[in-house]
Amino acid sequence: MVVNKNQQNRDLYSDSKTSTVTQAKTKIKKPSMYRVVLLNDDYTPMEFVIWLLEHVFFLNEQLSNQLMLKVHTQGRGVCGVFSYDIAQTKQAQVKQHAEKNDHPLECIIEPDNETK
Ligand code: TYC
């Protein structure tokens, strides 16, 4: 019987003629990403939405104005794309600020299929 060196060494430490080799697979996946989407309504003041975009999503004044107007005219707008935990935190912050100020503002999370 012809046995190579590695097989011989493995057999020295095992009591049978067969041995199992477990190889670690290195498969790294990027985390799934999620969009935080702001929805339009007829009651939340524009200034409040702009304030939120500046203070929760850290957009500058110009971008905040543009995005607020986009949501106002098109019904929805993406505030940012984040890992699931961060997206949930942003959504909770929007909800907290809106409820505290009695505004019906809604914000949803959806998978971002662009990122693979
Ligand atoms: N439509 C609102 C108004 O006319 C403004 C608004 C913009 C509300 C964006 C919500 O996500 C929103 N006052």
Side-chain angles (χ1 to χ4, degrees):
M1 186 186 174
V2 181
V3 182
N4 70 28
K5 202 82 192 150
N6 284 339
Q7 189 61 51
Q8 250 173 354
N9 284 336
R10 278 198 293 271
D11 288 346
L12 279 177
Y13 300 101
S14 85
D15 45 19
S16 78
K17 284 282 169 244
T18 58
S19 62
T20 306
V21 179
T22 309
Q23 221 172 10
K25 271 194 196 165
T26 310
K27 255 216 165 143
I28 298 170
K29 266 211 268 173
K30 280 187 189 168
S32 305
M33 300 296 276
Y34 294 84
R35 301 180 195 134
V36 177
V37 181
L38 208 55
L39 304 181
N40 188 36
D41 66 70
D42 292 338
Y43 306 101
T44 305
M46 292 182 171
E47 291 69 27
F48 178 80
V49 177
I50 293 166
W51 183 91
L52 266 183
L53 293 172
E54 288 175 348
H55 291 86
V56 173
F57 296 94
F58 303 108
L59 302 184
N60 67 31
E61 194 183 343
Q62 195 190 358
L63 279 175
S64 296
N65 271 279
Q66 283 174 0
L67 184 52
M68 183 282 296
L69 281 176
K70 184 190 165 87
V71 178
H72 176 68
T73 55
Q74 298 180 14
R76 53 172 272 155
V78 178
C79 304
V81 179
F82 308 96
S83 65
Y84 191 63
D85 281 9
I86 305 290
Q88 272 194 317
T89 302
K90 301 278 183 196
Q91 183 189 36
Q93 287 171 341
V94 169
K95 194 178 150 123
Q96 273 171 18
H97 287 297
E99 281 178 1
K100 192 175 155 200
N101 291 278
D102 285 326
H103 299 315
L105 186 64
E106 292 273 8
C107 170
I108 59 170
I109 292 176
E110 61 184 33
D112 184 53
N113 299 321
E114 289 297 303
T115 40
K116 271 208 168 157

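Note that the structure is a prediction, hence the values are computed from the model and not measured.
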Enumerate donor-acceptor pairs with a distance under 3.5 Å from any side-chain N or O in residues 74-83 to protein atoms, sequence neighbours excluded.
| unit_1 | atom_1 | unit_2 | atom_2 | d |
| --- | --- | --- | --- | --- |
| Q74 | OE1 | K70 | NZ | 3.4 |
| R76 | NH1 | E110 | OE1 | 3.4 |
| R76 | NH2 | E110 | OE2 | 2.9 |

Query raised in the report: What do the steps show when you test Y34 against Q88 for side chain to side chain contact (heavy atoms under 4.5 Å, CB included), and what is the final call?
Result: CA-CA 9 Å; Y34 294 84; Q88 272 194 317; over 6 Å; no

Requested in this report: Determine, step by step, whether E54 and N60 satisfy the side chain to side chain contact (heavy atoms under 4.5 Å, CB included) criterion, reporting the C-alpha distance in whole Å, the side-chain angles of both residues, the deciding distance to 0.1 Å, and the verdict.
Outcome: CA-CA 6 Å; E54 288 175 348; N60 67 31; over 6 Å; no

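The distance from the OH atom of Y84 to the OG1 atom of T89 is 10.5 Å, given to the nearest 0.5 Å. Note that CE of M68 and CG of N40 are 9.5 Å apart. Values are rounded to the nearest 0.5 Å. Atoms CG and CG, from L39 and L105 in turn, are 8.0 Å apart once rounded to the nearest 0.5 Å. Rounding to the nearest 0.5 Å places CG of N65 at 9.0 Å from CG of L53. Put simply, CG on L67 and CD on Q62 are 12.5 Å apart, with the number rounded to the nearest 0.5 Å. Taking CD of Q66 as the reference point, atom CD1 of I50 lies at 11.0 Å (rounded to 0.5 Å).
Within the 3.5 Å criterion, the main-chain N or O of W51 finds a donor-acceptor partner in the side chain of H55. Side-chain atoms of Q91 come within 3.5 Å of backbone N or O of C107 as a donor-acceptor pair. Of the possible donor and acceptor atoms, one in the side chain of D41 sits under 3.5 Å from a partner among the backbone N and O of Y43.
Taking 4.5 Å as the limit, every side-chain heavy atom of V71 sits out of range of all side-chain heavy atoms of V49. Contact check for R35 versus I109: no side-chain heavy atoms found under the 4.5 Å cut-off. Between V94 and F57, some side-chain heavy-atom pair lies under the 4.5 Å cut-off.
Under a cut-off of 6.0 angstrom, the local environment of CD in E106 is sparse, with at most 12 non-hydrogen atoms contributed by other residues, nucleotides or ligands.
When all heavy atoms of V56 and K90 are compared, the closest pair comes out as O-NZ, 2.9 Å.
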